[in-house]
Every structure is written in C-alpha cells, then in structure tokens.
Undergrad: 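Structure in structure tokens, see below.
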Amino acid sequence: MSGVIVTGPPKAESADVVALAGFGVATVSEAMGRTGLLAPELRPIQQGVRVAGTAVTVLSWPGDNLMIHAAVEQCGEGDILVVTTTSPSVDGMFGELFATALHRRGVRGLVINAGIRDTQELREMGFPAWSRAVSAQGTVKATGGSVNVPVAVDGQVIRPGDVILADDDGVVVVPRERARETAELSAAREAKEAGARAAFLDGQLGLDRYGLRERLKALGVEYRTYEEYAGERP
C-alpha cells in the first residue's frame with residue numbers, strides 16, 4: 001500500500017472551533033439537520049469530557065501503526081487525531097507513548113476507528129480518546145498509508161481541518177466551511193431548548209408545548225379509561 005503525507009491543509013477557524021466546543025455532540029448534529037454523527041460504537045475511554053479540534057487524519061493498514069508515527073509530526077495545537085484503517089481492525093494501535101508525544105504538541109484528543117490500549121494511563125494523563133475497541137493486542141510498523149487525506153468513518157467523510165467534536169454521547173464531524181454557521185445554529189437551538197426547559201420546570205407538558213395532542217389524534221391514538229380498555233379486551 002503506497003500513500004501520501006499532506007502538509008499544511010486548510011483548517012477551520014480557531015474561533016469557530018472554540019464556539020462549537022460550547023455545545024454537545026447531540027446539539028451540533030441536530031443543528032446540522034441530524035447529520036455528521038459517527039457510529040455509536042466509537043466510545044470514550046473517560047467520562048465527563050468534551051473536546052473540539054481540527055482533524056488530522058490517518059489512513060492505516062489494520063494492525064499497523066506506522067502512519068500514526070508519521071502523523072504526529074503533522075499535529076499541532078488544537079488538533080484532534082483521527083485514525084481509521086483500510087479494513088476493520090480492533091488491534092491496540094494507540095497507547096500512552098503516542099499520547100505523550102501528542103500531548104506535548106497541544107493535541108486535544110484522539111478518535112480511532114480501531115483499538116486502543118493503556119487506557120488507565122491515558123485517563124491519568126488527561127488525554128481523551130474515543131475508540132471502537134480496547135485491546136492490548138500490539139501492532140507492527142510495516143506498511144505505508146496516508147496522512148491528512150479525506151477518510152471515511154462510519155459513512156462520514158472527514159477531511160483534514162474539519163472540526164471534530166466529541167463527548168460522552170459520541171463523535172460528530174463538522175465540515176470546516178460550515179463551522180461558523182453550525183455554531184450559530186447550535187446557539188439558536190440551545191436558546192430554544194432553554195425555553196423548553198424552563199417551561200417543563202414550570203410543569204408544562206411536551207404534549208402541549210409542541211402541539212402533539214393533535215398529532216396523536218391524527219394518528220388514531222385514543223384515550224381510554226382503564227375500565228373502558230379492560231372491557232374492550234377479549
């Protein structure tokens with residue numbers, strides 16, 4: 001497998017990344033029309049952490065972490081490393097030593113569509129990661145791949161410089177050209193949800209706030225007392 005290492009790709013504006021970091025993955029995905037989500041199998045190794053950064057992408061051979069070594073050189077302040085493989089893999093391709101090198105360069109976290117190990121050490125050093133598997137299985141450094149090229153993860157295309165947002169709910173990708181727009185839409189959505197939250201705290205029901213009683217009626221859903229319902233059953 002031959003490959004390429006692309007240097008200096010365009011990135012989303014840092015101010016837009018910071019703005020997106022203020023919102024949860026669910027909010028951002030909803031703001032983009034329920035798009036951008038990676039599969040729920042990508043799970044965090046920690047809890048209570050949210051990160052946002054610009055993607056540095058890696059396409060590797062399964063069970064081979066050579067290109068992660070190559071990618072470290074291309075990573076900088078505010079980046080998130082995104083790793084996927086040419087075919088499914090759960091081998092532990094990333095661990096504490098990689099995290100140490102990336103942390104030193106200001107990288108905010110890792111999303112890997114494969115396995116990870118040294119999870120306790122990563123939590124202790126505060127390096128957040130989302131992975132498809134946790135595995136102690138080691139890897140080799142034998143096959144070429146690519147860095148900073150578009151990659152596909154769970155049906156989502158991730159380009160270098162796109163915004164990656166990850167939290168306890170999962171991972172979402174925001175195209176770099178849509179970062180500012182998505183931050184604005186997310187803020188509007190949060191404001192709307194704040195109004196709903198206040199109404200629910202005041203005792204209002206979602207059925208009434210969202211006009212869902214008519215929806216139930218249109219769908220043929222009827223209210224029955226227990227006695228009526230019990231009497232209708234054979």
Side-chain angles (χ1 to χ4, degrees), residues 9-32 35-58 68 71-72 74-84 93-134 147-148 151 153-154 156-176 178-180 182-183 185-187 189-190:
K11 295 182 178 183
E13 295 292 332
S14 59
D16 298 331
V17 177
V18 170
L20 285 168
F23 307 107
V25 165
T27 296
V28 170
S29 176
E30 292 280 358
M32 290 195 298
T35 62
L37 284 176
L38 276 59
E41 286 78 14
L42 285 172
R43 300 306 305 151
I45 64 167
Q46 66 287 311
Q47 290 292 300
V49 175
R50 178 190 298 161
V51 296
T54 45
V56 172
T57 61
V58 180
I68 299 179
V72 171
Q74 303 305 316
C75 290
E77 185 72 35
D79 287 333
I80 291 179
L81 187 64
V82 179
V83 181
T84 192
M93 298 176 63
F94 185 101
E96 177 194 6
L97 293 180
F98 273 137
T100 300
L102 291 174
H103 189 268
R104 171 67 177 78
R105 301 177 76 86
V107 174
R108 293 175 179 168
L110 167 79
V111 174
I112 182 167
N113 190 29
I116 194 172
R117 60 183 185 177
D118 302 335
T119 56
Q120 179 179 342
E121 289 80 2
L122 266 60
R123 286 190 293 271
E124 290 174 350
M125 68 186 294
F127 188 86
W130 286 255
S131 68
R132 185 165 294 273
V134 173
V147 175
N148 275 336
V151 297
V153 179
D154 299 322
Q156 301 294 336
V157 175
I158 302 173
R159 302 167 304 163
D162 285 346
V163 181
I164 299 294
L165 178 69
D167 61 18
D168 288 347
D169 290 339
V171 183
V172 66
V173 55
V174 180
R176 56 181 182 260
R178 295 191 61 190
R180 181 169 303 177
T182 301
L185 292 172
S186 297
R189 181 174 180 82
E190 274 216 342

Undergrad: Among Ile116, Ile68, Val58, find the one that has a side chain to side chain contact (heavy atoms under 4.5 Å, CB included) with Met93.
TA: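 Of Ile116, Ile68, Val58, side chain to side chain contact (heavy atoms under 4.5 Å, CB included) with Met93 is met by Ile68 alone.
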Undergrad: So, for Leu37 and Ser29, which heavy atoms are closest and what is the spacing to 0.1 Å?
TA: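 Leu37 and Ser29 have their closest heavy atoms at CG-OG, 3.3 Å.
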Undergrad: Main chain of Val56, side chain of Asn148: is a donor-acceptor contact present, judged purely on distance under 3.5 Å?
TA: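 No, because the side chain of Asn148 does not come within donor-acceptor range (under 3.5 Å) of the backbone of Val56.
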Undergrad: What pairs with Phe23 under ring-ring contact (aromatic ring centres under 6.0 Å, His included), at least two apart in sequence or on another chain?
TA: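 Phe23: no ring-ring contact (aromatic ring centres under 6.0 Å, His included) contacts found.
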Undergrad: Just say parallel, tilted or perpendicular for the rings of Phe127 and His103, cut-offs at 30° and 60°.
TA: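 Answer is perpendicular, since the angle exceeds 60°.
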Undergrad: CE of Met125 to CG of Asp118: how many Å apart, nearest 0.5 Å?
TA: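 Taking CE in Met125 and CG in Asp118, the distance rounds to 10.0 Å.
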Undergrad: Within the 4.5 Å heavy-atom criterion, are Arg132 and Asp154 side-chain neighbours or not?
TA: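 When only atoms from C-beta onward are counted, Asp154 and Arg132 do touch, with a gap below 4.5 Å.
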Undergrad: About how many Å separate OG1 of Thr119 and CD of Glu124, when rounded to the nearest 0.5 Å?
TA: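 Answer rounded to 0.5 Å: 9.5 Å.
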Undergrad: Between Thr54 and Gly161, what is the shortest heavy-atom contact and its length?
TA: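 Of all heavy-atom pairs spanning Thr54 and Gly161, the closest is CG2-O, 3.8 Å.
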Undergrad: Is it true that a side-chain atom of Trp130 and a backbone atom of Asp167 form a donor plus acceptor pair closer than 3.5 Å?
TA: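 It does hold such a pair.
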Undergrad: On a heavy-atom basis, which atom in Thr27 and which in Arg189 lie closest, and how many Å separate them?
TA: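 Heavy atoms only, the tightest pair is O-CD, 3.8 Å.
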Undergrad: Nearest heavy-atom pair of Val17 and Arg108: which atoms, and what distance?
TA: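 Looks like CG1-NH1, 3.7 Å.
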Undergrad: To the nearest 0.5 Å, what is the distance between CZ on Arg178 and CG on Asp162?
TA: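 It is 11.0 Å, given to the nearest 0.5 Å.
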Undergrad: Go through the steps to decide whether Lys11 and Asp79 satisfy the test salt bridge (Lys or Arg N to Asp or Glu O under 4.0 Å), and finish with yes or no.
TA: CA-CA 10 Å; Lys11 295 182 178 183; Asp79 287 333; 2.9 Å; yes
Undergrad: Atom CD of residue position Glu13 - does it have more than 12 heavy atoms of other residues, nucleotides or ligands inside 6.0 Å?
TA: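 No, not enclosed.
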Undergrad: Measure from the side-chain N and O atoms of Arg43 to the backbone N and O of Ala133, and report whether any donor-acceptor pair falls under 3.5 Å.
TA: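 Absent.
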Undergrad: Between Leu81 and Cys75, what is the shortest heavy-atom contact and its length?
TA: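 Smallest heavy-atom distance, with atoms named: CD1-SG, 3.9 Å.
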Undergrad: Which heavy atom of Val25 sits nearest a heavy atom of Gly170, and at what distance?
TA: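 Scanning both residues, the minimum pair turns out to be CG2-O, 3.4 Å.
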Undergrad: Val163 vs Asp16, test: side chain to side chain contact (heavy atoms under 4.5 Å, CB included). Steps then yes/no.
TA: CA-CA 9 Å; Val163 181; Asp16 298 331; over 6 Å; no
Undergrad: Roughly how far, to the nearest 0.5 Å, is the CD atom of Glu30 from the CG atom of Leu185?
TA: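 Answer for the CG-CD pair, Leu185 versus Glu30, is 12.0 Å.
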Undergrad: Checking side chain to side chain contact (heavy atoms under 4.5 Å, CB included) for the pair Leu42/Val153: CA distance, chi angles, key distance, verdict?
TA: CA-CA 10 Å; Leu42 285 172; Val153 179; 4.2 Å; yes
Undergrad: Side chain to side chain contact (heavy atoms under 4.5 Å, CB included) for Val172 and Met32? Distances and angles first, verdict last.
TA: CA-CA 10 Å; Val172 66; Met32 290 195 298; 3.8 Å; yes
Undergrad: Quick one: CG on Leu102 to CG on Leu110, what's the gap to the nearest 0.5 Å?
TA: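 With rounding to 0.5 Å, CG (Leu102) is 7.5 Å from CG (Leu110).
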Undergrad: So for atom CZ, which belongs to Arg180, do other residues, nucleotides or ligands contribute more than 12 heavy atoms lying within a distance under 6.0 Å?
TA: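 No, because the 6.0 Å sphere around CZ of Arg180 holds 12 heavy atoms or fewer from other groups.
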Undergrad: Working to the nearest 0.5 Å, report the span between CD1 of Ile158 and CD1 of Ile164.
TA: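 These two atoms lie 4.5 Å from each other.
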Undergrad: Could you walk me through whether Glu96 and Leu122 pass the side chain to side chain contact (heavy atoms under 4.5 Å, CB included) check?
TA: CA-CA 6 Å; Glu96 177 194 6; Leu122 266 60; 4.2 Å; yes
